[in-house]
Amino acid sequence: MTKIIDSLIQAKATQAPPLLKRIYTKTDLYKQCAHELQEDIERLESDHLALLFAKYASITGRHPSEYKTRLINCDNGNIALCGIRFRGMDISQPFVTVTTTLKPLSVNSINILVDNISKAFHAFKPQYAQFYIPSYLDIEPANFSSAHWDNRILANSLYTLVENEVQDIACPAHTKCELLSANSLTFYNQYEMTYNKLLDEFPQHAVMMELKPIEDMRAWVAQGFVNLLCVNDKLAGVIIVEPDNSLGMTGFYIIENIIFSEYRGQGLGKWMQQAMIYQLVNNQSRQSKRQKTDMLFGTIHFDNTSAIQCAKSIGRGDIGGYLWVATGIE
């Protein structure tokens, strides 16, 4: 088992997007992939973790051992590490995630895996199998009878983002822009109302974004992760960025990035991200934590084209996304 686990970690590092291979050493990339896979690897054999998961997402008739991750065979000796999940921890939305494979994915291997996953996890009736597809692979939803993209991952080195700036950060004409650290929750009611208004106007956005609970927001404010965009002294947006080491990267993850509706279409989303980057690189209180390999990264729903274009406009690259392939289980 130890040998296959090491091979899976090494395979994930080997299949990493070219951007990560340029920024990290092979040793660092291996360590980061091991960290990313740690919980799924532990779930292969841990009765304790299986029991905790079973209690948290209890389904009548399912034994805790069924909640363990599994090694599923694929084509030509390929093996995938797979685990049952529930979207939003809603047991009515089961799916299986494929966290890594020994060999790079192909359309054929995905089709075989979906069939084998459907058999192995049939008791949960998963509706989809989720695959991370690096952007260098030529795999699209159109290759399958029923599939769609979910979130894309957009990232780049903080220092590259700063070096790529060809002009000073500038607000629209006759506009005063500030990015201020939140020190209380006085903004939350307005944030919540604006968020709900946005979903009323565009219900389809419900699959792209979610209102951050006040309990989480309180913790982020206390840690100094919440910044407020003020335009002419009025609240115009919220951006939350926290230190993170997920998705095979280290650096800072964008948790929330929202421009209020009345301020959209003015280039303020780009300005807010640029100002956040400047803060992260130049904030002296955080210099001891800063590394040259620190990334700014986050996920954006495939259909949120304006947010994706905004991220790309400041230099973040699309390094891959999550493909959901229907299992066909009724």
Side-chain angles (χ1 to χ4, degrees), residues 1-16 33-54 56-57 59 62-134 137 139 141 143-151 153 246-248 320-329:
M1 181 64 78
T2 302
K3 184 176 180 180
I4 187 65
I5 287 173
D6 183 72
S7 296
L8 286 167
I9 296 171
Q10 188 61 59
K12 191 168 185 67
T14 301
Q15 296 169 37
C33 289
H35 171 79
E36 185 180 355
L37 294 174
Q38 180 179 356
E39 185 174 338
D40 280 309
I41 288 172
E42 289 177 354
R43 284 183 175 180
L44 276 168
E45 299 180 320
S46 173
D47 293 328
H48 175 66
L49 288 177
L51 181 59
L52 288 178
F53 193 5
Y56 198 63
I59 297 178
R62 301 280 65 82
H63 190 274
S65 63
E66 297 179 78
Y67 288 78
K68 291 181 178 180
T69 52
R70 310 179 195 184
L71 295 174
I72 305 294
N73 288 321
C74 185
D75 62 329
N76 300 321
N78 202 355
I79 296 176
L81 179 62
C82 308
I84 187 66
R85 297 288 192 275
F86 304 93
R87 190 148 201 178
M89 289 311 296
D90 180 351
I91 61 173
S92 70
Q93 298 189 60
F95 67 96
V96 172
T97 186
V98 178
T99 54
T100 190
T101 55
L102 279 179
K103 300 177 183 178
L105 289 165
S106 66
V107 172
N108 185 57
S109 63
I110 288 175
N111 280 323
I112 294 173
L113 261 178
V114 171
D115 286 342
N116 290 342
I117 282 169
S118 298
K119 296 171 186 174
F121 291 92
H122 191 272
F124 290 99
K125 298 190 182 304
Q127 301 304 295
Y128 291 93
Q130 179 199 53
F131 299 86
Y132 168 66
I133 309 295
L137 290 181
I139 297 175
N143 298 133
F144 308 94
S145 59
S146 180
H148 63 270
W149 289 119
D150 189 51
N151 288 334
I153 300 173
S246 62
L247 304 178
Y322 294 97
L323 182 70
W324 290 60
V325 183
T327 61
I329 295 176

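Along the sequence shown, residues carry numbers from 1.
Here the CD1-CD1 distance, from I4 to I79, works out to 4.0 Å after rounding to the nearest 0.5 Å. Q10 contributes atom CD, which lies 8.5 Å from atom SG of C33 (distance to the nearest 0.5 angstrom). Taken to the nearest 0.5 Å, the CH2 atom of W324 stands 11.0 Å off from the CD atom of Q127.
The shortest side-chain heavy-atom distance between I110 and I133 falls under the 4.5 Å cut-off. Side-chain contact between I9 and I5: present, with at least one pair of heavy atoms (C-beta onward) separated by less than 4.5 Å. Side-chain contact check for I329 versus P126: some heavy-atom pair is nearer than 4.5 Å.
A donor-acceptor pair under 3.5 Å is absent between the side-chain atoms of E39 and the main chain of L37, judged by distance alone.
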Q. Does the side chain to side chain contact (heavy atoms under 4.5 Å, CB included) test come out yes or no for Y128 and D150, once each step is laid out?
A. CA-CA 12 Å; Y128 291 93; D150 189 51; over 6 Å; no
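Ring geometry for F53 against F86 counts as perpendicular: the plane angle is over 60°, on a 0 to 90° scale with 30° as the lower cut.
Residues H48 and S46 bring no donor and acceptor atom of their side chains to less than 3.5 Å of each other. Using a 3.5 Å distance cut-off with no hydrogens or angles, the side chains of N108 and S106 do not pair a donor with an acceptor.
Contact between I139 and F144 at its shortest, heavy atoms only, is CG2-CE1, 3.9 Å. Here the closest heavy-atom approach between residue P104 and residue S109 is recorded as O-OG, 4.4 Å.
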Atom pairs and distances, donor-acceptor, side-chain atoms in residues 94-102, under 3.5 Å, two or more places apart:
residue	atom	partner	partner atom	Å
T97	OG1	Q130	OE1	2.7
T99	OG1	L81	O	3.1
T101	OG1	K103	O	2.7

What side-chain donor-acceptor pairs closer than 3.5 Å can you find for residues 112-121, not counting sequence neighbours?
residue	atom	partner	partner atom	Å
N116	ND2	N73	O	2.8
S118	OG	V114	O	2.7

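The salt bridge (Lys or Arg N to Asp or Glu O under 4.0 Å) test with D40 is passed by exactly one of K68, R85, R70: R85.
With sequence neighbours left out, the ring pair (Phe, Tyr, Trp, His ring centres under 6.0 Å) criterion links Y322 to Y132.
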